[in-house]
Amino acid sequence: MDIIKKLLGQLGEYRKPAIIAPLCTMVAVGMEVLIPYIMALLIDRGIAKADMGQVWLWGGLMLVCAVIALVIDSAAAVFGSRASTGLASNLRDALFEKVQTFSFSNIDKFSTAGLVTRMTTDVTNVQNAFNMSLIIATRAPISLVASLIMSIIISPGLSGIFLVAIALLSVALIAIMLKAMPLFGRVFERYDNLNASVQENVTAIRVVKAFVREEHEDQKFTHAANEVHDLFVRAEGLIAFNNPVMGVAIYGCIIALSWFGTHFILAGQISTGQLTSLLGYVFNVLISLMMLTMIFVMVSMSAASGKRIVEVLEEEPDIVSPQDALTEVRDGSIDFAAVNFSYRSGNGEETLAGIDLHIDSGETIGILGGTGSGKSTFVSLISRLYDVDSGCVRVGGQDVRDYDTEVLRDAVAVVLQQNTLFSGTILDNLRWGNPDATLEECQEACAAACADEFVDRFPDGYDTMIEQGGTNVSGGQRQRLCIARALLKRPHVLILDDSTSAVDTATDASIQRAFAEKIPNTTKLIISQRVSSFASCDRILVLDAGHVAAFAPEERLLKTCNLYRDVYETQNKQGSEADFDKLEGIEGVTYDPLSQRFDPAFSTELPFEVNPAVEVELARKAGE
C-alpha cells in the first residue's frame, strides 16, 4: 500500500481525469448489463407474440443503451489514457529531479542502466497497470457482480451453474498466477543487464570497432536478451493456460445452461428470452473473470516496477544544504583539517587519511600521485560531492557543509578527467558555465583555453553542432572546450582533474599562462601526471596511498621528496640543456609562436626526441 500511495502521489493535476474515468466506466457497465435483460423482454413480449410495437419499443431501448454505453466507454478510455500518461510523465519528472539531488555516493547505489530502465520500462509498466486499473479493474468486478444479480433475479436455480464455474475457474486462474508472478518480477532485473549491454556498446562503439570485438559484443547482448526472452516465455507460457481454462468454463456453462435451461422452459419455470439473457450474462461473468486475471498479471508485473521506482524516489540524498545555509563564498582559500574519507564508511579502507593543509586564495597548486592515491577524491571533497568521514574541509574560511550546495558548487569549477559535452552548439555548451555569457565572453574564454584556434576553423564557428558526448571533436578539443566552459563561471576555485592530458605540452603551457593572466585571483588545482604541467605552480601536493607525502614548491620537493624527484627525473631524463644545445646546432630549426610547433619541415628530421620540457620553455619564450 505504501508503494501505491507513493506512486499515486505523483498524479498531481491528473487526479480529476483519474476520478472521471472509473465513474464513466460504471455508467457504461450499467447500460451493458441492462441489454441482455431488455433482450429477454424483446423476445418474450415482441417476437414470441408477433407484436411489432413491442419489438420496436424494446429494440429501440436496446439501441439507446448500446449507444450510451459506447459513448461513455469512449469517454472513459480518453480520461483513463490522459490520467495514466500524465502519471507516467510526472513519475519520470520526479525520478529525474530526484537523481539531480543525489550525491555521488547516492548515484553509486544505482547503475546508469538501472536508472534508465526505471525511467522507461518500469514507468511504462506502471502506466499500463494504472490505465487498466482505472478502466478494467472498475468494469470487471461491477460487471461480474451485476451479471450475477441479474442471473439470480431471472432464475435462482440456473444461476447456481455460474457460481460453480466461478469457483472452479478462480482456483485454476489463481494457481496459474501464483506461478507466473515471481517470473515477471525476475524479468525486470534482467532488463538492467540488457540496457547496460546496449549503453556500453553504443558509448564505446569506436573502441569495439578498433579492436574488432563486434562478435563478442553481439554474443554478450544476445546472452542478456535470451535471459529476458526465456523468462518471458516461461511466464507467458503459464499465462497462456488462461485461454483454454476460460474456454472450458464458457463452453461448459453454455452446455449446462442449454441442457438444464431446456428442462426449465418445458417446465414453465423460465421463458426462452430469459434463457437467452442468461447466456448473455454467462459471457459477462466469465469475461469479467478473465479481465481480472489479466489485471493480476499486469499488477504483478508493475508491482516489481513500482518497487524499483519507489526505491529511487525514497532514496534520501546524503548531501543536503543546511538550514540558514551560507549563500556567499568569500574567496578561494582551501583548508583540510584532519580529513579522513572512505567510500564505504566503517570498512577500514580509507581513501584519504590525516589530510592537513592550507591553500591561499589565488595560489596555483599542482597535485601528483599514482593511480589510486586519492587525487580525484581530494578535489571532490572541495565542492562537497562527497562528505568527509571526520575532520572538515573549508572553502573561503567556512566549512563546506555550512554552504548552500548550489552556491558552493557554483564557486568551484571542475573540469573532470572524463570530459563531457552535450548535444547542441559549441556556444550552448560553453554557456553551461554561464547561461548569460555573451559571444565575446565565450570567445575570450576559448582564447584562454586555446580552443579558439580550432573553433574558428569550423565552417559554422561557435554555431557548430556538437554530437552527444562530443564524439565529433577530438579528445584535446573536447578538453579545451570544457576548460573554457569552466572559466566562464568565473569561479573562486578552478579544478583541472588531468584535463589537459590530451593536449600537447606547448598548448598546456599556453593554457597555464592564460590562467595566470586572466584569473590571477582564482585558486587553481591542477591534477596531472606530467611534471611539465606544474611549471607555473606555486606549490605541489604529492599524494601517496591517500596520505600527504609532501606539499612544497618544486625546488624543495626535488631536494626533499624522493617520490617527486623520481617522477621528475624519469620524465626529464634526457635533460633540457642538452636538447637546447642540439637544437642550436641544427640550422633552420624554428619554432612558430602562432601554432606553437616546431617547423614541420625540420622537426620531422631531427635525429633525437625533443624533451617535453624544452617544448614548454620554447613556448614560454615564444610568448615573450
Can a donor-acceptor pair be found, under 3.5 Å and without considering hydrogens, that links the side chain of [X] to the backbone of [Y]?
X: K6; Y: E314; value: no
X: D44; Y: G273; value: yes
X: R485; Y: G433; value: no
X: Q274; Y: S271; value: yes
X: K98; Y: E315; value: yes

[Y] side chain reached by [X] side chain, heavy atoms, under 4.5 Å:
X: Y343; Y: T351; answer: yes
X: L57; Y: Q54; answer: yes
X: N90; Y: Y14; answer: yes
X: F96; Y: L115; answer: no
X: Q127; Y: L87; answer: no
X: K489; Y: N434; answer: no
X: I20; Y: K16; answer: yes
X: V55; Y: R45; answer: no

Would one find more than 12 heavy atoms of other residues, nucleotides or ligands at under 6.0 Å from atom [atom1] of [X]?
X: E311; atom1: CD; answer: yes
X: R234; atom1: CZ; answer: no
X: Q100; atom1: CD; answer: yes

In a table with atom names and distances, give each donor-acceptor pair under 3.5 Å that connects a side chain of residues 144-155 to protein atoms at least two apart or in another chain.
residue : atom : partner : partner atom : Å
S147    : OG   : S143    : O            : 2.7
S151    : OG   : S147    : O            : 2.8
S155    : OG   : L158    : N            : 3.3

Where [X] and [Y] come nearest, the two heavy atoms and their spacing:
X: R308; Y: R118; result: O-NE, 3.0 Å
X: P322; Y: Y403; result: CD-O, 3.4 Å
X: T405; Y: V320; result: CG2-C, 4.2 Å
X: S376; Y: S380; result: O-OG, 2.8 Å
X: P141; Y: I136; result: CD-O, 4.0 Å
X: G80; Y: I135; result: CA-CD1, 4.4 Å

Roughly how far, to the nearest 0.5 Å, is the CZ atom of F341 from the OH atom of Y386?
6.0 Å
Distance (rounded to the nearest 0.5 Å) between L421 CG and I426 CD1:
8.5 Å
Pair K220 + E217: basic N to acidic O under 4.0 Å:
yes
Ionic contact status for R431 with D436, cut-off 4.0 Å
no
Sequence neighbours excluded - salt bridge (Lys or Arg N to Asp or Glu O under 4.0 Å) pairs with any residue from residues 260-283:
none
Quiz question: by atom type and distance under 3.5 Å, do the side chains of R92 and T124 form a donor-acceptor pair?
yes
Quick one: do the T425 and D463 side chains pair a donor with an acceptor below 3.5 Å?
no
Suppose we screen for ring-ring contact (aromatic ring centres under 6.0 Å, His included). Which residues come up paired with W259, at least two apart in sequence or across chains?
H263
